[in-house]
Amino acid sequence: MVVQHLWAPSGGADLSGSGYEPQGKLTRAGHSLTPEQLRPLRELLTTAALCNDASLKPPGPGSDAWTAVGDPMEAALLAAAAKAGCPDPAELHQACPRIAEAPFDSLRKRMTTLHHLPDGNVLVCLKGAPEAVLTPRVLAELPELLDQARDQAAALAARGFRVLAVAGVERLQWHLPAAEAEQGLRLLGLIAVSDPPKAAAAATLTACREAGITPVLITGDHPATARAIAERTGLVQDGAGGEVLTGPELAAAPDTDLTGVRVFARTDPQQKLDIVHAWRARGAVTAMTGDGVNDGPALRQADIGVAMGARGTEVARQAADLVLTDDKLAIVVKAVEEGRRVYDNIRRFLVYAMAGGAAEILVMLIGPLLGLPLPLRAGQILWINLLTHGLTGVAMGAEPVSPEAMRRPPRPPGQHILAAGVWQRLLILASAVTAVSLIAGVAARAMGLPWQSVLFLALLGAQLGVALGLRARLLTRANLFLPASVAGSAVLAMAALHVPVLQSLLETEPVGWTGVWLASAAALAAFVAARLLRGAFRRRA
């Protein structure tokens with residue numbers, strides 16, 4: 001965050017500089033300010049620096065950037081105060097020690113601190129949301145000035161700034177709580193803080209929508225700020241659907257359909273919780289992101305609470321299920337993609353393994369009816385399972401994400417793992433593998449070849465063909481272990497026919513080139529069947 005604009009009743013100013021580095025200039029219409037013009041702005045920023053719990057950390061070993069300790073917005077105020085030439089915060093607090101405070105909360109939307117001045121008087125410093133400060137109950141100002149300040153705050157918020165109003169007054173004596181000092185104050189001005197969305201935010205939200213995820217913005221900021229950010233990130237398109245529901249409006253109309261709104265502003269913790277409840281009641285799986293204490297209840301209630309680890313509070317991190325160490329929402333989308341990849345690979349393996357297992361059973365049952373009295377021996381079945389479910393099955397778990405994985409809607413939470421076409425593909429592939437294997441075996445018997453060994457080789461080859469045919473990315477280099485394992489399994493299958501020890505153990509014998517061609521044809525036919533089925537069931541995968 002960085003302060004980019006100041007407004008005081010005497011005039012405004014722009015601030016240069018970036019990040020938390022306290023280096024920059026104050027200008028008005030491109031010109032440097034005179035001492036007289038600078039005085040009220042320094043008073044504004046000095047008050048904001050006193051009513052502040054953050055600090056700035058200078059660059060350390062291995063880093064050349066200033067960092068914030070505490071709330072990022074308050075740290076941005078300290079950086080702006082330094083740019084304006086205000087005293088160092090440590091010197092300020094030493095000269096004007098804090099004697100009382102009324103901390104910020106989501107209901108009051110303001111923070112007040114009381115400071116003891118060297119002359120014995122008490123300085124009241126207040127900062128907060130414009131609508132919570134720019135009221136006659138807090139400020140002893142003319143209505144015309146309050147209206148002017150409100151217009152300025154609305155204009156700055158519409159530009160996407162976070163806007164703070166700052167007020168203060170010096171009192172002779174004060175012994176009451178700080179909250180009771182929030183009256184009769186003098187308006188010092190407005191501070192516009194830029195908190196731009198990350199460069200990847202728009203692309204992240206686009207990826208969410210393509211994946212069937214509905215992004216919702218819930219913020220405590222001004223409605224105009226929320227709308228500007230929503231439009232800037234593409235959460236709403238050119239104002240279409242950009243209606244903003246505020247916390248007070250929600251409180252006045254509790255029966256509002258919360259799932260029909262995409263942007264919420266000026267919300268309190270209970271309202272964030274209500275929004276999560278509304279989506280869950282609709283049957284949606286909800287993920288809530290947050291970094292503040294006020295986000296804790298909603299983070300805990302959501303199906304997946306995601307806290308910001310870098311700037312998040314300890315309460316948010318403890319309430320969440322996941323903590324993002326780099327505070328990048330794109331990581332959540334990557335996590336969704338990885339989850340879909342793993343789930344797709346599980347389903348792919350189930351189709352492959354169960355179809356192969358079912359084919360082995362069908363071969364043993366149907367073979368004798370076709371004149372193949374003992375289609376396979378026990379050792380041969382075990383060797384097939386070892387090569388197909390062992391090497392190749394493990395390799396299938398490392399398959400990369402499908403190209404269409406993030407362009408389809410989420411699966412229903414109660415959906416069975418064999419639903420959406422899985423069991424149909426399983427049965428069809430089992431039938432196909434059975435058919436091509438038995439055809440190879442019957443043909444080998446008719447040609448006078450060692451048909452049992454041909455059938456063994458054909459059944460194994462057909463399953464390996466299915467393993468390759470089920471791939472989402474056929475020619476990808478992302479998982480070379482799968483084609484390598486298929487090739488290795490094929491070599492070990494041939495070894496079972498030619499290595500004397502394995503011949504004796506598995507009761508096999510060489511099948512000649514004709515037998516190899518029969519088995520290869522079975523493998524190719526099974527591969528083609530798997531590819532055709534993948535295309536036919538792609539939308540349901």
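Position 1 is the first residue of the sequence, and the numbers go up from there.
- Sorted by first and then second residue, the salt bridge (Lys or Arg N to Asp or Glu O under 4.0 Å) pairs involving residues 111-125 (not counting sequence neighbours) form an empty list.
- Within the structure, side chain to side chain donor-acceptor pair (under 3.5 Å) contacts touching residues 76-90 (residues at least two apart or in different chains) do not occur.
- Taken from CG in Leu77 to CG in Leu44, the straight-line distance is 9.0 Å, to the nearest 0.5 Å.
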Got a list of side-chain donor-acceptor pairs under 3.5 Å for residues 200-207, not counting sequence neighbours?
{"unit_1": "Thr204", "atom_1": "OG1", "unit_2": "Ala200", "atom_2": "O", "d": "2.7"}
{"unit_1": "Thr206", "atom_1": "OG1", "unit_2": "Ala202", "atom_2": "O", "d": "3.0"}

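- With sequence neighbours left out, Glu399 forms a side chain to side chain contact (heavy atoms under 4.5 Å, CB included) with Asn345, Arg348, Arg471, Asn479, Leu482.
- Screening residues 287-300 for salt bridge (Lys or Arg N to Asp or Glu O under 4.0 Å) gives Lys272-Asp295, Asp291-Arg311 as the qualifying pairs, with residues at least two apart or on separate chains.
- With sequence neighbours left out, Thr214 forms a side chain to side chain contact (heavy atoms under 4.5 Å, CB included) with Val216, Arg262, Trp279.
- The shortest heavy-atom contact between Ala265 and Pro223 is CB-CA, 3.6 Å.
- In this structure, the side-chain hydrogen bond (donor to acceptor under 3.5 Å, both in side chains) partners of Glu170, at least two apart in sequence or on a different chain, are Asn121.
- Sorted by first and then second residue, the side chain to side chain donor-acceptor pair (under 3.5 Å) pairs with a member in residues 44-61 read Asp53-Arg98; sequence neighbours excluded.
- For the side chain to side chain contact (heavy atoms under 4.5 Å, CB included) test, residues two or more places apart in sequence or in another chain that qualify with Leu142 are Glu144.
- For residues 29-46, the salt bridge (Lys or Arg N to Asp or Glu O under 4.0 Å) pairs, not counting sequence neighbours, are Glu36-Arg39, Glu43-Arg186.
- Residues satisfying the side-chain hydrogen bond (donor to acceptor under 3.5 Å, both in side chains) test with Thr286, not counting sequence neighbours, are Asp303.
- Not counting sequence neighbours, the partners of Lys328 by the side chain to side chain contact (heavy atoms under 4.5 Å, CB included) test are Asp326, Ile331.
- Between atom CG of residue Leu41 and atom CG of residue Leu26 there is a gap of 6.5 Å, rounded to the nearest 0.5 Å.
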